[in-house]
Amino acid sequence: MFHKIKAVSALPNLQLSVQFSEGITKIYDIKPLITKWPSFKALEETPEIFFTAKVDVGGYGIVWNDDLDLSCDELFANGKQINTPFDGLIAFTEATELWELNESTLRKAIIYGKLINGVDACKFGKQWVVSVDAMKREYGEPKLGA
């Protein structure tokens, strides 16, 4: 399955906090790459570069510069999952992409009680979020990448 990256934060000790669109956060340790791939040594030698990590266009990986990047598959497969208060919550836009639905379908699901406001989904400002468990309960497993 394709694991789209939503956000990345560079942490001390050459680690990355990576948030995936399906509501999972993982910590990825760069240090093993430094011994395996010489180009990654620049991240250790120049911490300013390491702390510029950003999500690649489309969420397919993270990049530092033209020479250094990591794929979403590598980060997901070899990152260590951690628990956060936001686990299992995803934005409607990500849910519609993963389940190949229209956002209006989810809004109607709330209106008709299929998804319960305040239990399965909640609006923060202009952004709706929904639990992955509620999406699986109502729509099955995600379609994207399956």
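By convention here, the first residue in the shown sequence is residue 1.
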### Query
In terms of ring plane angle, is the pair W64 and F40 parallel, tilted or perpendicular, where the classes change at 30° and 60°?
perpendicular

### Query
Can we say K114 and D120 salt-bridge, meaning some charged N sits less than 4.0 Å from an Asp/Glu carboxylate O?
no

#### Entry: Atom pair OG/NZ of S39 and K41 - distance to nearest 0.5 Å
12.0 Å

### Message
For F124, is there any backbone N or O sitting under 3.5 Å from a side-chain donor or acceptor partner on Q127?
### Response
no

#### Entry: Validation row: L16, I62 side chains within 4.5 angstrom (heavy atoms)
yes

### Task
Might you work through the side-chain hydrogen bond (donor to acceptor under 3.5 Å, both in side chains) test for N102 and S104, ending with a clear yes or no?
CA-CA 5 Å; N102 189 300; S104 67; 3.0 Å; yes

### Query
Would V132 and F86 show up in the same hydrophobic cluster when neighbours are defined by side-chain heavy atoms closer than 4.5 Å?
no

### Task
Give the cluster check for L89 versus I116: same hydrophobic cluster or not, with ILVMFWY residues linked at side-chain heavy-atom distances below 4.5 Å.
no

### Message
Strictly below 4.0 Å, N to O, side chains only: are K4 and E97 in salt-bridge contact?
### Response
yes

## Note on the structure
The reported gap from CD1 in I5 to OG in S21 (rounded to nearest 0.5 angstrom) is 9.5 Å

### Query
Taking atom OG1 of T52 and atom CG of N65, what is their separation to the nearest 0.5 Å?
7.0 Å

#### Entry: From CA spacing to verdict: side chain to side chain contact (heavy atoms under 4.5 Å, CB included), V130, I90
CA-CA 6 Å; V130 62; I90 58 176; 4.0 Å; yes

### Query
Can you find a pair of side-chain heavy atoms, one from V129 and one from F92, that are under 4.5 Å apart?
no

### Task
Spell out, as yes or no, whether a donor-acceptor pair under 3.5 Å connects the side chain of T105 to the backbone of L101.
no

### Separation between CD of E44 and CG of L33, rounded to the nearest 0.5 Å
11.5 Å

### Query
Is atom NZ of K123 surrounded by more than 12 heavy atoms (other residues, nucleotides or ligands) closer than 6.0 Å?
yes

### Query
When rounded to the nearest 0.5 angstrom, what distance separates OG in S71 from NE2 in H3?
10.5 Å

Side chains of residues 23-30: which donor-acceptor partners sit under 3.5 Å, not counting sequence neighbours?
from: K26; atom 1: NZ; to: F76; atom 2: O; distance (Å): 2.6
from: Y28; atom 1: OH; to: E74; atom 2: OE2; distance (Å): 2.5
from: D29; atom 1: OD1; to: K31; atom 2: N; distance (Å): 3.1
from: D29; atom 1: OD1; to: K31; atom 2: NZ; distance (Å): 2.9
from: D29; atom 1: OD2; to: K31; atom 2: NZ; distance (Å): 3.3

### Flag side-chain contact, heavy atom, 4.5 Å: R107 against W128
yes

### Message
Check for me, please, whether F20 and I82 land in the same ILVMFWY cluster - side-chain distances under 4.5 Å, paths through other members count.
### Response
no

### Query
Atom CG of L106 and atom CD of E103: how far apart are they, to the nearest 0.5 Å?
7.0 Å

### Task
Could you pull out the closest heavy-atom pair between W99 and G140, with the gap in Å?
NE1-O, 2.7 Å

### Task
Taking all heavy atoms of C122 and all of N117, pick out the closest pair and write down the distance.
CA-OD1, 3.9 Å

### Task
Please name all residues satisfying side-chain hydrogen bond (donor to acceptor under 3.5 Å, both in side chains) with T84, sequence neighbours left out, ordered by chain then number.
D87

### Summary
Scanning both residues in full, the closest heavy-atom pair of G59 with C72 reads O-CB, 4.0 Å

### Query
Should L115 and R137 count as side-chain neighbours, where that means a heavy-atom distance under 4.5 Å?
yes

### Query
Going only through I, L, V, M, F, W and Y residues with side-chain contacts under 4.5 Å, is there a path from L43 to V55?
yes

### Query
Can I49 be reached from W37 by stepping across I, L, V, M, F, W or Y side chains whose heavy atoms are under 4.5 Å apart?
yes

### Derivation of the side chain to side chain contact (heavy atoms under 4.5 Å, CB included) call for K143 and L98
CA-CA 6 Å; K143 309 269 188 283; L98 289 168; over 6 Å; no

### Message
Please evaluate residues V63 and K54 with respect to the criterion side chain to side chain contact (heavy atoms under 4.5 Å, CB included), reporting the C-alpha separation (whole Å), side-chain torsions for both, the decisive distance (0.1 Å), and the verdict.
### Response
CA-CA 6 Å; V63 296; K54 62 184 176 193; 3.8 Å; yes

